[in-house]
Amino acid sequence: MNEGNSDVLFAEERQAAIAKMVQERGKVRVPDLVAYFKMSPATIRGDLRDLEARGLIKRTHGGAIPGDAAPVGFEPDNMDKTAKDLILKQAIAKRAAELVDDGDIILLDAGLTTKAMCAHLQDKQNLTVIVSDIEIASMLERFDNMTVVVIGGLLRRGFHCTVGPFAVKLLSELNVDKAFLGTNAFSVRKGCTTPDMNQAEVKRTMIRIATQVVLLCDSAKIGKNSFVQFAEPGELDLVITDSRISEQHLREMTEAGLEVMVEQVD
């Protein structure tokens, strides 16, 4: 294989292109890189080793994924979230609550961002709130201005929410004005994804019963993929994220036709 152009400058440019491809696609394979750059497998593997040493990618069997990517089946429970995560979620939650009108019937997905919405709903009047998260239900119970409907089902330990066929059946019999959903990962190519198949089915049902679907997704989750898809990008009416989103990801989302609301954070 001809590698006459593989001087130092070209190698740096090639590695930068590989790193960009990994970030955009979420995963690349060595054979695809060999065909694209017309280089030998040994050269491409050397590029991947260099990029991994710089923390830009993580090598996998036969390819690479982004350097900060957790395994697609990994899902931190609520105790694993950092203070930085919570700052972003609080900002997104406050903006989301502003979309709720008096008299609405809304659905709050399980998770810390939707949980953070609760404090901002206390001045709303005549709300009906559908929840599958028992911690969110406990918080909303204090407010006299709303009716809280708790979806039963199998309790998902560590995540304080219900899943399973009973939860899906109950949800499928309802209709709501607005559904506020969380996600473990979002990309333009794969949409909304989550590690748990049962959770994915509940989220799909939430989308089906809502007139308006609002995704609450902090910037750290954008451009990543998890195990099971529960929503195509076109099923979302609005995405609320934070100002730490990269220009590239924001451009990709708007070019795909998504309405994106960016909440400013320090």
Chemist: Can you name the closest pair of heavy atoms from Ser243 and Gln264 and give their distance?
Modeler: OG-NE2, 3.4 Å
Chemist: Can you tell me how far the CZ atom of Arg189 sits from the NZ atom of Lys27, to the nearest 0.5 Å?
Modeler: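 Between Arg189 CZ and Lys27 NZ, I get 10.0 Å after rounding to 0.5 Å.
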Chemist: I would like to know whether Glu201 and Met197 meet side chain to side chain contact (heavy atoms under 4.5 Å, CB included); could you show each step before the answer?
Modeler: CA-CA 6 Å; Glu201 187 58 34; Met197 291 186 287; over 6 Å; no
Chemist: Decide yes or no on side chain to side chain contact (heavy atoms under 4.5 Å, CB included) for Ser219 and His249, but give the supporting numbers first.
Modeler: CA-CA 9 Å; Ser219 56; His249 287 149; over 6 Å; no
Chemist: So, Ser138 side chain and Ile134 main chain: donor-acceptor pair closer than 3.5 Å or not?
Modeler: no
Chemist: Can you check whether Val100 reaches Phe180 side chain to side chain, under 4.5 Å on heavy atoms?
Modeler: yes
Chemist: May I ask whether Val214 and Val262 are part of the same hydrophobic cluster, defined by side-chain heavy atoms of I, L, V, M, F, W, Y residues being less than 4.5 angstrom apart, directly or through others?
Modeler: no
Chemist: To the closest 0.5 Å, what do you measure between NE2 (His160) and NZ (Lys115)?
Modeler: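 Taking NE2 in His160 and NZ in Lys115, the distance rounds to 6.5 Å.
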Chemist: Measure the spacing between CD1 of Ile130 and CG of Leu107 and express it to the nearest 0.5 Å.
Modeler: 6.5 Å
Chemist: Taking the side chain as every heavy atom from C-beta outward, state whether Phe143 and Gln122 have any atom pair closer than 4.5 Å.
Modeler: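 In contact.
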Chemist: Could you check if a side-chain atom of Val228 sits within less than 4.5 angstrom of a side-chain atom of Arg204, using non-hydrogen atoms only?
Modeler: yes
Chemist: Are any side-chain N or O atoms of Lys178 and backbone N or O atoms of Asp104, one a donor and one an acceptor, separated by less than 3.5 Å?
Modeler: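 No; zero donor-acceptor contacts below 3.5 Å.
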Chemist: Is there a side-chain contact between Thr183 and Leu181, using heavy atoms and a 4.5 Å cut-off?
Modeler: no
Chemist: In a check of side chain to side chain contact (heavy atoms under 4.5 Å, CB included) between Val148 and each of Leu108, Val131, Thr128, Leu127, which one passes?
Modeler: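 Result for side chain to side chain contact (heavy atoms under 4.5 Å, CB included) with Val148: Val131.
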Chemist: So for atom NZ, which belongs to Lys124, do other residues, nucleotides or ligands contribute more than 12 heavy atoms lying within a distance under 6.0 Å?
Modeler: yes
Chemist: Verify, without hydrogens or angle tests, whether Thr114 (side chain) and Asp109 (backbone) share a donor-acceptor contact under 3.5 angstrom.
Modeler: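 Indeed, once roles are kept as given, a pair shorter than 3.5 Å links the two residues.
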Chemist: Do Thr43 and Arg14 come close enough that some side-chain heavy atom pair is under 4.5 Å?
Modeler: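 A side-chain contact exists here, since the closest heavy-atom pair is under 4.5 Å.
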Chemist: Do you reckon Leu155 sits in the same ILVMFWY cluster as Phe166, going by side-chain contacts under 4.5 Å, direct or chained?
Modeler: no
Chemist: Any chance you could lay out the side chain to side chain contact (heavy atoms under 4.5 Å, CB included) test for Asp177 and Gln212, step after step, and finish with the verdict?
Modeler: CA-CA 6 Å; Asp177 296 307; Gln212 183 181 18; over 6 Å; no
Chemist: Looking at Leu140 and Cys118, what are the two nearest heavy atoms and their distance?
Modeler: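 Residues Leu140 and Cys118, closest heavy atoms: CD2-SG, 3.7 Å.
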Chemist: Which heavy atom in Ile209 sits nearest to a heavy atom in Ser172, and how many Å separate them?
Modeler: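 Closest pair (atom of Ile209, atom of Ser172, distance): CG2-CA, 4.1 Å.
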Chemist: Would you name the heavy atoms of Val22 and Pro66 that are closest together and state the gap between them?
Modeler: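 Scanning both residues, the minimum pair turns out to be CG1-N, 3.3 Å.
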Chemist: How long is the gap from CG on Leu33 to CG on Leu48, to the nearest 0.5 Å?
Modeler: 6.0 Å
Chemist: What is the minimum heavy-atom distance between Thr241 and Asp218, and which atoms define it?
Modeler: OG1-C, 3.7 Å
Chemist: Return yes when atom CD of Glu141 has more than 12 non-hydrogen atoms of other residues, nucleotides or ligands closer than 6.0 Å, and no otherwise.
Modeler: no
Chemist: Please tell me if the side chains of Glu252 and Gln248 come closer than 4.5 Å, counting only heavy atoms from C-beta onward.
Modeler: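 Glu252 vs Gln248: side chains touch.
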Chemist: Mind checking whether Leu88 and Arg244 have side chains closer than 4.5 Å, heavy atoms only?
Modeler: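 Sidechains of Arg244 and Leu88: in contact.
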Chemist: If Ile, Leu, Val, Met, Phe, Trp and Tyr residues are connected whenever their side-chain heavy atoms lie under 4.5 Å apart, and connections chain through other members, are Val30 and Met39 in the same group?
Modeler: yes
Chemist: Just how far is it from atom CG of Asp32 to atom CZ of Arg25, taken to the nearest 0.5 Å?
Modeler: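 Answer for the CG-CZ pair, Asp32 versus Arg25, is 7.0 Å.
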Chemist: Using atom types as modelled and distance alone, determine if a side-chain donor or acceptor of Arg142 lies under 3.5 Å from a backbone N or O of Met139.
Modeler: yes
Chemist: Do Asp196 and Phe159 make a side-chain contact, defined as non-hydrogen atoms from C-beta onward lying under 4.5 Å apart?
Modeler: no
Chemist: Ignoring hydrogens, what is the shortest heavy-atom contact between Val213 and Asp237? Give both atom names and the distance.
Modeler: N-OD2, 2.7 Å
Chemist: Can you confirm whether more than 12 heavy atoms, excluding those of Gln125, are under 6.0 Å from its CD atom?
Modeler: yes
Chemist: Does the side chain to side chain contact (heavy atoms under 4.5 Å, CB included) test come out yes or no for Met206 and Val176, once each step is laid out?
Modeler: CA-CA 9 Å; Met206 290 177 171; Val176 302; over 6 Å; no
Chemist: Consider only side-chain heavy atoms of I, L, V, M, F, W and Y, link residues closer than 4.5 Å, and tell whether Leu174 and Ile136 are in one cluster.
Modeler: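 In one cluster: no.
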Chemist: Assigning hydrophobic clusters by single linkage (Ile, Leu, Val, Met, Phe, Trp, Tyr; side-chain heavy-atom cutoff under 4.5 Å), is Ile57 placed with Val34?
Modeler: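 Yes, Ile57 connects to Val34 through the hydrophobic network.
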Chemist: For the residue pair Asn225 and Thr193, confirm or rule out a side-chain donor-acceptor distance under 3.5 Å.
Modeler: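 Not at all, the side chains of Asn225 and Thr193 share no donor-acceptor pair under 3.5 Å.
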Chemist: When rounded to the nearest 0.5 angstrom, what is the spacing between CG in Leu215 and CD in Glu259?
Modeler: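 So the CG of Leu215 and the CD of Glu259 are separated by 12.5 Å.
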